[in-house]
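First listed ligand is number 1; within each ligand, the first listed atom is number 1. FYI, the numbering just counts along the sequence from 1. Quick caveat: nothing in here was measured; it's all calculated off a predicted structure.
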Amino acid sequence: MDNAVLRALMGGVQGSSQNVGKRIKGPNSEAGAGAKSKDARTAVPQPEFATKGTRTAREKAGSKGASDESLAHRERSNALRNQLKIKVENASRLTDLPDPLESFVDLCDAPYNLNVAVPNALAAIHALQPTPVQRQVIPCMLLDKQVVAVAPTGSGKTFAFLVPLVVHVMRLRHTLKEKSKLKRLELPKAVILAPTIELAQQICRVCDLFLEQLVIEREALARGVKCRLLVTRAHAAGLHSNEGKGVDILIATPLRLSSELVKGFIRLEYVQHVVLDEADKMFEVGQFYEQVQGILQACGTGLKRGKGCQKHLFSATLSQTLVPNVLDTKAESHVKIVVGAASYGGTAAVQEVAERVEQEFVFVGNGGIAGDRAKVLAVRNLLRENRIMAPALVFVQTQDRAQWVHKALSEDISGCAAMHAGLSHSHRQRVVDDFRSGVVWALVTTDLLCRGMDFRGVNTVINFDFPTSAVTYVHRIGRAGRGIAAGETSEQSRAFTMFSQEDQPLLKAVAVVAAASGANVPAWMLELASTDRRQLRKLERRPVVTKVSRERAKLAKRAERKGRLARGISKKR
Ligand SMILES: Nc1ncnc2c1ncn2[C@@H]1O[C@H](COP(=O)(O)OP(=O)(O)OP(=O)(O)O)[C@@H](O)[C@H]1O
C-alpha cells in the first residue's frame, strides 16, 4: 500500500473528529511550550485532533482556582477517551492517570520531556499520529505504570510498548554508564516475549528500525542500544560469543528463553520491564504457562527493593480474570486499557477488528473427505468469480493439512506456498519473506501465523478449516485489511469461512462475533443452541477436524498396507 494512503488512513481517527472544536493554543502548544517543543512542532505535522471544550480565556488567564482547572482538564481528557473509545478501568479512581496523547509531540513536554528525535523518528517510519492504544499506553508506561492493554488487531500495539521500552532503556543505560556500572550495562534491561518465532522476528525488526531512526534523528542516547533476538540455538550461541555480548532489549519466545535460563546462559536479574505480547496465548494451558512463569520469576531479582520488575500485557483478546491469576499480583497494580470494545472480556475488541473486513460463510456439506473436496471446489468457484484477491492467507488446522491443501490449491493458484511449524527455521523464514515480498501470493498456513503477523496488504483470508474458537477467528481475520482505520471497510478485504456439519458446535460462537461486527450472518446460525464452555474448551484443544484427519490417515495407512502387501506378494513371486 502506498505510504501516503497509509498515513491518511491511520490519521483517519483524528480526521473524523470534525464535530469537535479545533485545538487552540494551550500550555502544551507553541505559545506555552519551550523551545524544544517548538522545534518538535515544526518538525512533525500538527495534529488535527481537537478536544471537546477548547481552553477558555478564563483558563488561560488562570483566574479560577487550580481545582477548577484540573476538573476542566480531566473533562477534556475524558472527552478524548470517549471519542476514541479508550476505556480505562476505574479511571475515576486513578488520580494519577496520565492524559491520552493528542500527538506524539506531547511527549516532548513535561512530565515526559523526551527529545524531539522521538516524534521525528516515529514520523519518519510513518507513525505520524498516535493510534488510540498508543495515546493511552505510552504515557502510562513512561510514568512507570504496569499496563494491561486490549486493543483490536492491527491497532499499533507494537509501538505502544516499544516506544516507552526504548526510552526507559536509553535512560537506564545513560545512568549506568554515569555510575560506571559496566557489568550491569551488558545485561538485559527489558524483555519482550512473543508466542512464535515469526512474531518475535517481526517485533525485533520494528525495534531495530525505530532505534536506527532515533540515531539518524540525533538522539544520542539511542547510540549503542542493542536489541537482540533469541529464538534459535544460533541466536543463543551468538549471545554467548564475544561478538554478541551486551543486550539491552531481549526479544524471545518463551521456550527458547526458558531453556537458556535453565542452562544458566542468560541472566535476567536486572530486567526492569517485561512485555508479554499476545498475553492470552502465553497463558493458555498446555502452551507456555510454566516457562513464562519461570521467566517472570527470574526477572528483576537483582533490583533494589521496591523497584520490582514491571510486567505489561498486550493482546486483542484477553480475559478479565487473567491478570490477577497469572501475574500473582493484585489486579489493581495494573492500569487496564481497553480500546474499541464494549467490555473487557474474552472477545474484547472483536467488533472493530472484523469491521474492516467483509465476512462470508460458505457451507461445504457434511464434512469428512467429501467436505474437503467441497472446500477445494468452493475455493475454485471463488477464484472463478474473481472474489479471492491476492495476497491471500489460507488457514488450516494441522501441519498435514497445510501440506495437503497446498498441494490441492497449487493446481489452481500459481505462487502458492505452505508454512507451518514442522518446517525448518530457514524454510519458514524464506516463505514469510517471499510472502512479504510478493513472490508468494497465497500462503497456506496453520494458526502459527494467525497472531500478530503484520502482513501489509493481505486482501483475503480463507478459513479453509473452521477456527477452533471465536478468539482464533478474530486473530485470523485480523490479518486482512491492516492499515485501514476503524469504521472504514476496504472493498478488497474479504474473509471466507468454510463450515461443514461437523463444525456446528463452534459455529454459533463465531457467528455471534461476526454478526456483532456487522457481517451478514444467516439468522439460523445465531439461533443455534450454544455449546457449553467445557465442550468449547475441549474443541479448542482437540479440533473438530481431527475426525477428518483421522479418516484421511486411515485411508493413507490402508493404501500403504495395500502397497506393502502388493510389494510383498511380488517379492514372493
Ligand atoms: N501511529 C501509527 N501510525 C501509522 N501506522 C502505525 C502506527 N502505529 C502502528 N502503525 C502500523 O500499523 C500496523 C499494525 O501495527 P501492529 O502490528 O503493532 O498492530 P497490533 O495491534 O500489534 O496487531 P495484532 O493484534 O494483530 O498483533 C503496522 O504496520 C505498524 O507499522
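- Contact atoms of ligand 1 toward Q129: 1 (N), 2 (C), 3 (N) (distance under 4.0 Å to a heavy atom of the residue).
- Considering backbone and side-chain N/O of R479, one or more are found under 3.5 Å from N/O of ligand 1.
- The structure places CD1 of I203 at 6.0 Å from CD1 of I251, a figure rounded to the nearest 0.5 Å.
- Considering H273, Q146, K145 in turn, H273 is the only one that fulfils the side chain to side chain donor-acceptor pair (under 3.5 Å) rule with H312.
- With salt bridges taken as basic N to acidic carboxylate O contacts below 4.0 Å, none links D277 and K157.
- With a 4.0 Å cut-off on non-hydrogen atoms, T158 touches ligand 1 through its backbone as well as its side chain.
- When non-hydrogen atoms are compared, ligand 1 lies under 4.0 Å from the side chain of Q134 (C-beta onward) but not from its backbone.
- At least one donor-acceptor pair under 3.5 Å links the side chain of D465 to the backbone N or O of Q397.
- Judged by distance alone, the side chain of E198 and the main-chain N or O of M453 form no donor-acceptor pair under 3.5 Å.
- For D280 and R451, the salt-bridge test passes: some basic side-chain N is under 4.0 Å from an acidic carboxylate O.
- Taking distance alone, with nitrogen or oxygen atoms compared against 3.5 Å, G156 approaches ligand 1 more closely than that limit.
- Only side-chain heavy atoms of E278 come within less than 4.0 Å of ligand 1; its backbone N, CA, C and O stay farther off.
- Side-chain contact between V431 and R428: absent, with no pair of heavy atoms (C-beta onward) separated by less than 4.5 Å.
- In terms of polar-atom proximity, defined here as any N/O pair under 3.5 Å, A127 makes no such contact with ligand 1.
- Listed by atom number, the atoms of ligand 1 under 4.0 Å from F159 heavy atoms are 8 (N), 9 (C).
- The two residues A190 and V271 come nearest to each other via the heavy atoms CA-CG1, 4.1 Å.
- With values rounded to the nearest 0.5 angstrom, M282 atom CE is found 12.5 Å from F314 atom CZ.
- Remark: ligand 1 and D454 share an N or O pair separated by less than 3.5 Å (distance only, no angle test).
- Heavy-atom proximity to T153, at under 4.0 Å, picks out these atoms of ligand 1: 23 (O), 24 (P), 25 (O), 26 (O).
- Contact annotation: A151 has no heavy atom less than 4.0 Å from any atom of ligand 1.
- Taking only non-hydrogen atoms, the option from G478, A316, G154 nearest to atom 24 (P) of ligand 1 is G154.
- Neither the backbone nor the side chain of H475 comes within 4.0 Å of ligand 1, counting heavy atoms alone.
- Applying the 4.0 Å criterion to heavy atoms of H126 picks out, from ligand 1, the atoms 3 (N), 4 (C), 5 (N).
- Within the listing of ligand 1, atoms 19 (O), 20 (P), 21 (O) sit less than 4.0 angstrom from a heavy atom of S155.
- R456 counts as a contact of ligand 1, since one of its heavy atoms falls under 4.0 Å from the ligand.
- Contact between S103 and P130 at its shortest, heavy atoms only, is CA-CD, 3.8 Å.
- Paired with V147 under the rule side chain to side chain contact (heavy atoms under 4.5 Å, CB included), one option of M141, H334, K311 passes, and it is M141.
- Within the 4.0 Å heavy-atom criterion, the part of P152 lying near ligand 1 is the backbone and not the side chain.
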